[in-house]
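Sequence lines set the chain letters: A, B, ... in the order given, protein chains first and strands last, and positions in each chain run from 1.
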Amino acid sequence: MVYDFRKIEKKWRLYWAKNGTFRADNISSKPKYYVLDMFPYPSGSGLHVGHPLGYIASDIIARYKRHKNFNVLHPQGYDSFGLPAEQYAIQTGQHPYLTTQDNITRYRDQLDQMGFSFDWKREVRTSSPDFYKWTQWIFLLLFDHYYCNESNKALPIRDLILFFEKEGNININAACSIGTKQFSADQWHAFTQDEKDEMLLNYRLTYLSESEVNWCSDLGTVLANDEIINGVSERGGYPIMKKKMKQWSMRIGAYAERLITDLDKIDWPEPLKEMQRNWIGKSVGAKVFFQIEGYDHKIEVFTTRPDTIFGVTFMTLAPELELVRVITHPDQKGEVDEYIKKTQSRTQRERLADVKKITGVFTGSYVLHPFTGERIPIWIGDYVLADYGTGAVMAVPCGDQRDYDFAKHFNIRIKNIFKGISIDKKACTDKENIIIDNSDFLTNLNHNEAMDKVIDALEESGSGTGTINYRLRDAVFSRQRYWGEPIPIYYKNQIPQPLSLQDLPLKLPEVEKYLPTKEGSPPLGNAQKWAWNTKTRKVVQNKKIDQKTVFPLELNTMPGWAGSSWYFYRYMDAQNPNSFVSKEAIDYWKDVDLYLGGSEHATGHLLYSRFWQKFLFDLKLLPVEEYAKKLINQGMILGTSAFIYRTPKSNSYVSKDLLDSVEGFEAIRVDVNLVNSSDELDIDGLRKWQKQFEFADFKKHSGVFKVGREVEKMSKSKYNVVNPDEICHRYGADTLRMYEMFLGPLEQAKPWNTAGISGVYNFLRKYWRLFYKENTWIVNDKEPSKKELKVLHETIKKVTIDIENFSFNTCVSSFMICVNELTNLNCHSREILTQLTLLLSPFAPHLAEEIWEKLGNDNTLAYAPFPLVDESHLIEKIKNYPISFNGKMRFIISLSLDLDEESIKKAVLGDDRTNEYLKGKIPKKWIIIPNKIINIVC
RNA sequence: GCUCGAGUGGUGGAAUUGGUAGACACGUUGGACUUAAAAUCCAAUGGCCAUUGUGGCCGUGCGGGUUCAAGUCCCGCCUCGAGUACCA
């Protein structure tokens, strides 16, 4: 009998589906284990071989944990709102719902094919109203809360109102928007309702504000900072401009400190945590106020170096700042206006590109130094960013290189405040080895002393305070798109008003066109029915707005990260119509034990979801402050693109080995599926593939035409996509699963290379031959020999440790060694093979189930106990050794199963590694530490 | 520029965390079986030298150091990759 993987895999796929083998229960006496994958966006091109890498790894863990008697939650779903489906809709008119539906069907087929043990009863889709109802609900909760810096958590807005009624906002310590005006209790009472609502927006955790946003005109929408790479959009690479727009934002900045400190509580990859820390960008320093000469106004700056305050020789403001227009001296107005105009018209990319070019202009006004009273000129310059700190800096050219360059360029005075340090060539940015000079009461102090003293002095004189600043900016939450969650808000007198839970879900309206309206409103502006009747609490026709009861609804939708910020809780109770997740479900499952996904989400999804988690935790809706205890980043699988080389101005191509003979050749990408594993091109296939090659001329070398190779990201446009369906068809899912694990360490990025797959395939067939010779079942009931047991138990030990450490590539090697050795020993013992099958089942589940059944078991092997190595006799042996430690020599002996005291001594004496130094110095007393391997220290 | 991470055969990668470097697999070469091919099995496979025989020397990006012992630890370089970028 041959290993017929097609038959076997089909059989078990059906069996698992029919019997609901992997359904998880919310009530169980077993300990729980929650293994989560980052859910995919179902794109039109289907899965490629890179996608399943993480799913295979998590599936191995899920199956392993089931063997270890855990109640395992291992769900899957779809992040199904998104740009591509919408752009397809714009081009073809097909509703994004249908596109998404088709893609999901395709994804599901592909996922099923690979034998994942998902509990599909718990599937979620972010674009389903049953799901986004709760996304909208969380939005409303955010709208209804503010962040109290005193108790360090989110509190209801009604508490804030009570506070305002008593004392106004002067003494409140809460997160609020920059520039929020102060008012007293009396003033609060005098406000109209609209004015109150408007004021409250400055405090709500999600708020509407006019702010500078990243506008991408090619995509027709705004983008968040993490959606921009190198000044262009992550999707499509289009230019980004700064633009003022009224937008919803999330006050994630309120949680900055907790997002940093709680990183210490979770077992996530250190590089990823570091990325989050950098992104949040905490810096400690001081706020300083500078009085503007001739105005009743102060400029507030943030600085990390208040100790250098006596070195200030000018101020620089960001050109975007409102204040600039106010304080500009009439004489300078023309120049300033022109400069502002120039900076506004530049895209972010252009601005980044000429970072080195120093530009700026003098405003003609001055501030007064808080300690010396000196007149300090105010400049504007675009090296100062409007949205970091206060958009203004106190320039200390002797202590900051950019200030130094600016001063040199415009010939501004540079004052040296560092003792014995020359600043002729460049600024001194060192903090450790300096003594302050020329600085009044700070003279002769070092950095730390000066910091403390100057902050005290600033606070005493009322011209500043010690403070902490974060780079993290509030996240823009509006998107001018159709295919996203509608924001559950309507407008009364242009003031946003929330819907309530009973009104949800606010379903997406039908539109005729998916483009913005003629007036430039987002696509939802095309909807006929899209206004809110506050009496009936229903969506009604836009057209007949009765000013008293019918109000326009919000036209923006939520960004892609909204649904993905909490989806992992919905899996716990996916079909609950009454709550986002029931109390029972959440009390049982609590949090994610293992989360697997790519590190590209470090500053997006993985930060936003932590923010929402903390918010919902503050509201006591969730039991833990961090949702994922452990996270692993699987590395990307890269494609190996193939190139052919065209001789200039011709339709003639040369084989790669002839490349030296061609000058100025042009490399052209061809489909990797037309190239075999020895890099030889299928020329006939190529002629059929694209018209341009139909009559082309191909110069071979020694009878073959070879292509060039290059490793790149796998993508459709690079023609380097390898589809898992074909691999499954040729070798089977079990081979694919094992091969992807065998390819290298999980976390590492690695190029896909089909060449090695036969090794894994041969292994599975070799394994099969332990059970069958020709057509005969050859398993016997003989007592296993010591040697056979040793091989098995060594493998059990190795594989168990490796699975626990997510080192799956070495697991596969261990299996190969084991099977080779059992083959050499001619072992067909039922006992040995039963255990080996269990060991193998997380990796090659279909094959393992088939063998399990053939071995005479009635039930699925999915829940059978994982084999253990019995080490108790070793521990006994070890106990008999006298224990002591003296000296630093150390020997390591791999303890085989039947090693006795004599053998250990012999091993130490006979070890070649014990060189002359040790001969004759055998320790009198030994300490033996039972570990993976036994260390003998003497 | 800053912050991480990585450099091991022809290739992907092992190495019990300081203890025989190159496991396992691919590829290559030779052999067996076959009319032949495929499949399968066996053997060799880091480099250099020596082979009548045991063998010897070098070798984990480069240069130093610690140690009886270094791919692994320390110092200084080089190269590549990732993230971030006028953050005051």
* Select base, sugar-phosphate, or nothing to describe what L385(A) touches, counting heavy atoms under 4.0 Å on all strands. => base
* Asked: So what does P751(A) touch, heavy atoms closer than 4.0 Å: a base, only the sugar-phosphate, or nothing?
  -> nothing
* Selection: residues 809-820 of chain A, any non-hydrogen atom under 4.0 Å of RNA chain B -> N809(A), T810(A), S813(A), M816(A), I817(A), N820(A)
* **Sequence neighbours excluded, every pair satisfying ring pair (Phe, Tyr, Trp, His ring centres under 6.0 Å) that has a member inside residues 805-825 of chain A** => F815(A)-F843(A)
* To do: Run the numbers on Y739(A) and T754(A) for side-chain contact (heavy atoms from CB on, under 4.5 Å), then give the verdict.
  => CA-CA 9 Å; Y739(A) 183 58; T754(A) 319; 5.8 Å; no
* Asked: Hey, which of these two, S599(A) or R305(A), hits RNA chain B nearer its 5' end, going by closest nucleotide?
  -> S599(A)
* Asked: Toward the 5' end of RNA chain B, which comes first, P271(A) or W279(A), by nearest nucleotide?
  -> P271(A)
[N] versus [M] - spacing of their [atom1] atoms, nearest Å:
N: A88(B); M: G18(B); atom1: P; answer: 38 Å
N: U45(B); M: G10(B); atom1: P; answer: 15 Å
N: C2(B); M: U72(B); atom1: P; answer: 26 Å
N: A70(B); M: G64(B); atom1: P; answer: 15 Å
N: C48(B); M: C41(B); atom1: C1'; answer: 33 Å
N: C24(B); M: G13(B); atom1: C1'; answer: 9 Å
N: G59(B); M: U20(B); atom1: C1'; answer: 15 Å
N: A32(B); M: A21(B); atom1: C1'; answer: 33 Å

* Structure fact -> Residues at least two apart in sequence or cross-chain that pass side-chain hydrogen bond (donor to acceptor under 3.5 Å, both in side chains) with N416(A), listed by chain then number, are none
* To do: Tell me, please, which residues at least two apart from S641(A) pass side-chain hydrogen bond (donor to acceptor under 3.5 Å, both in side chains).
  => E712(A), N720(A)
Using atom [atom1] of [X] as one end and atom [atom2] of [N] as the other, report the distance to the nearest whole Å.
X: E320(A); N: C86(B); atom1: CD; atom2: P; result: 13 Å
X: Q748(A); N: G7(B); atom1: CD; atom2: P; result: 8 Å
X: M738(A); N: C26(B); atom1: CE; atom2: C1'; result: 16 Å
X: E600(A); N: C4(B); atom1: CD; atom2: C1'; result: 17 Å
X: D802(A); N: C24(B); atom1: CG; atom2: C1'; result: 12 Å
X: Y383(A); N: A88(B); atom1: OH; atom2: C1'; result: 8 Å
X: F742(A); N: C26(B); atom1: CZ; atom2: P; result: 8 Å
X: K750(A); N: G81(B); atom1: NZ; atom2: P; result: 19 Å

* **Residue list, ring pair (Phe, Tyr, Trp, His ring centres under 6.0 Å) with F310(A), at least two apart or on another chain** => H369(A), F371(A), F441(A)
* **Pairing residues for H828(A) by the ring pair (Phe, Tyr, Trp, His ring centres under 6.0 Å) criterion, not counting sequence neighbours** => none
* **salt bridge (Lys or Arg N to Asp or Glu O under 4.0 Å) involving R305(A) - partner list, sequence neighbours excluded** => D307(A)
* **Sequence-distant partners of D267(A), salt bridge (Lys or Arg N to Asp or Glu O under 4.0 Å), two or more places apart** => K630(A)
Which nucleotide in [options] has an atom nearest any side-chain atom of [X]:
X: R473(A); options: C87(B), C4(B), G13(B); value: C87(B)
X: R471(A); options: C87(B), G13(B), U3(B); value: C87(B)
X: R402(A); options: C87(B), A85(B), U3(B); value: C87(B)

Would you list the protein and nucleotides 28-34 of chain B atom pairs, both N or O, that sit under 3.5 Å from each other?
none

* **Watson-Crick and G-U pairing of RNA chain B written in dot-bracket, each distance under 3.5 angstrom, with | for inter-strand partners** => (((((((..(((......[....)))((((((.......))))))((((.....))))..(((((..]....))))))))))))....
* Structure fact -> When rounded to the nearest 0.5 Å, the distance separating CZ of R730(A) from CD1 of I757(A) is 8.5 Å
* Structure fact -> In this structure, CE of M394(A) is separated from OG1 of T303(A) (nearest 0.5 Å) by 4.0 Å
* Given P397(A), which of D405(A), I423(A), I412(A), I414(A) fulfils the side chain to side chain contact (heavy atoms under 4.5 Å, CB included) condition? -> I414(A)
* Glycosidic class, syn or anti, of G9(B) using a 90° window around 0 -> syn
* **Anti or syn - U17(B), cut at 90° from 0** => syn
* Asked: If you measure from the Lys or Arg side-chain nitrogens to the Asp or Glu carboxylate oxygens, is any gap between E794(A) and K797(A) under 4.0 Å?
  -> no
* **NZ/NE/NH1/NH2 to OD/OE distance under 4.0 Å, D264(A) and R277(A)** => yes
* T465(A) side-chain N/O to L458(A) backbone N/O, donor-acceptor pair under 3.5 Å -> no
* Asked: Using a distance-only test with no angle check, is there a side-chain donor-acceptor pair under 3.5 angstrom linking T359(A) and D382(A)?
  -> yes
* To do: Not counting sequence neighbours, list each pair that qualifies as a salt bridge (Lys or Arg N to Asp or Glu O under 4.0 Å) and has a residue in residues 741-754 of chain A.
  => none
Atom pairs under 3.5 Å, N or O on each side, protein against nucleotides 39-43 of chain B: can you list them with distances?
unit_1, atom_1, unit_2, atom_2, d
A39(B), O3', R765(A), NH2, 3.3
U40(B), OP1, N762(A), OD1, 2.7
U40(B), OP1, R765(A), NH2, 2.5
C41(B), OP1, R769(A), NH2, 3.2

